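Predicted model, so just to flag it, every value in this text is computed and none were measured. Chain naming here is simple, since letters A, B, ... match the order of the sequence lines and numbering starts at 1 in each.
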There are 2 protein chains.
Amino acid sequence: MPRASAADAAQTAQRILDSAKELLSARGFSEVSVDDVARDAGVTRGAVYHHYRNKVALFGEVAARLQADVARAVVAAAENADPQPHEQLKAGSHAFLDAITNGAAMRILLIDSPAVIGWQEWRRLDAENSATHLREALREAGVAEDILDASTAQLSGAMNEAALWTAQQNDIDLARRQSHRALDRLLTAYVS
Amino acid sequence: MPRASAADAAQTAQRILDSAKELLSARGFSEVSVDDVARDAGVTRGAVYHHYRNKVALFGEVAARLQADVARAVVAAAENADPQPHEQLKAGSHAFLDAITNGAAMRILLIDSPAVIGWQEWRRLDAENSATHLREALREAGVAEDILDASTAQLSGAMNEAALWTAQQNDIDLARRQSHRALDRLLTAYVS
DNA sequence: CCAGCATACATACACACTGTACGTAAAGGA
DNA sequence: TCCTTTACGTACAGTGTGTATGTATGCTGG
């Protein structure tokens, strides 16, 4: 049995993660077995269980990476935008929608995550990434302090559902434009 | 083995449904086995599989009933409210939040449903119940025709997340009030 | 330079759960 | 009264998870 150096081990873990991301996003958590992931990565289940505690932990790791990817895109867009709070909200929400609707993120983050890792954990992940920025943008847009968390949650939910809706439409480009316009209308609520 | 008449059979199916609703809402789909449901209902798995095609179908039936319950509450509230479109939206969204955050509906409808029965099917259920009313209210509030579907999805997502956020807070009554106020602010986007 | 230990897997196994096939007894019509 | 259908119960096969165990390799201290 050829063995792997520490560097190769990290590479194995990464290959498992990549396979998991692809399969999970295509078929969903319940339709992907650990063996499927292992085979796709060219290892056995033993390797997967060596690198990840269990199937849920593997899923959680994939979700965390994706969440970070999306957050990076959103932050980048906000930094390049007009610093006016309302413009920040618009730029950020558009970027979020675009980032999450192409690639593997959507199904994993928006469909499976709440059920698999639990809503609390999912929210915690979100809070570590995008949610903080959204909250800050809302604060600067003049949302009262005591409804800041509630408003953040609601706007986040609106954007998540916008993404799901968009991805489901036949003409995705058209749907994207419609979602953007609908978001803009929704965000007029936060024009101070 | 004592057998059951047709009337008793319907009652058995109902008992199974009741047990399923309770267990699923408390523990979630993946943590409840068909055998758990059967035992709670005082029958064997055979009875469950006689009345419902499989575990997902049983879940779907529970979800459909809950969805209808929530929709009824929302419609009732809207009918008793000021017929002004904006007031309809406010009354409806408040009623939705209150209805879904107490009882068994929340976890089943908002956490597990998308993953278990699929987002499309979940949306279809929603469309048969609450979504149509929401869409109509938005139209009457002056939302342009081509972004009506997108706006409906977004507002629905906002309300769903509001419910999840509310239920998660320590002081639920306080959270409910904050969610109501945050929703009111959000709905100012649809003041014509 | 080699003995011993930790690492990185592979293999084998126990357990749980799902769905299905089959058995059976009562209900209800012909 | 017979015969079919309904309403279950029971037994079984298959799949998937997690864990225990085996094993070979890299690495480190003496």
Are [X] and [N] close enough that a side-chain N or O sits under 4.0 Å from OP1 or OP2?
X	N	answer
B:His51	D:dC8	yes
A:His50	C:dA8	yes
B:Thr12	D:dC8	yes

Query - Spacing of A:Tyr52 atom OH relative to C:dC9 atom P, expressed in whole Å - result: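 After rounding, the reported distance stands at 11 Å.
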Query raised in the report: Which nucleotide in the list C:dA8, C:dA10, D:dC8 gets nearest to the side chain of A:Thr44?
Result: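 Nearest listed nucleotide: C:dA10.
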If the threshold is 4.0 Å, N to carboxylate O, is there a salt bridge linking [X] and [Y]?
X	Y	result
B:Asp82	B:Lys90	no
B:Asp35	B:Arg39	yes
A:Asp126	A:Arg123	yes
A:Asp69	A:Arg72	yes
B:Arg15	B:Asp40	no

Report task. Examine the side chains of A:Asp149 and A:Thr152 and answer whether a donor and an acceptor come within less than 3.5 Å of each other. Result ->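 No - no donor-acceptor pair under 3.5 Å links their side chains.
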**Report entry** Under 4.0 Å protein heavy-atom contact, by nucleotide of nucleotides 16-22 of chain D - B base, S sugar-phosphate only
**Finding:** SBBB---
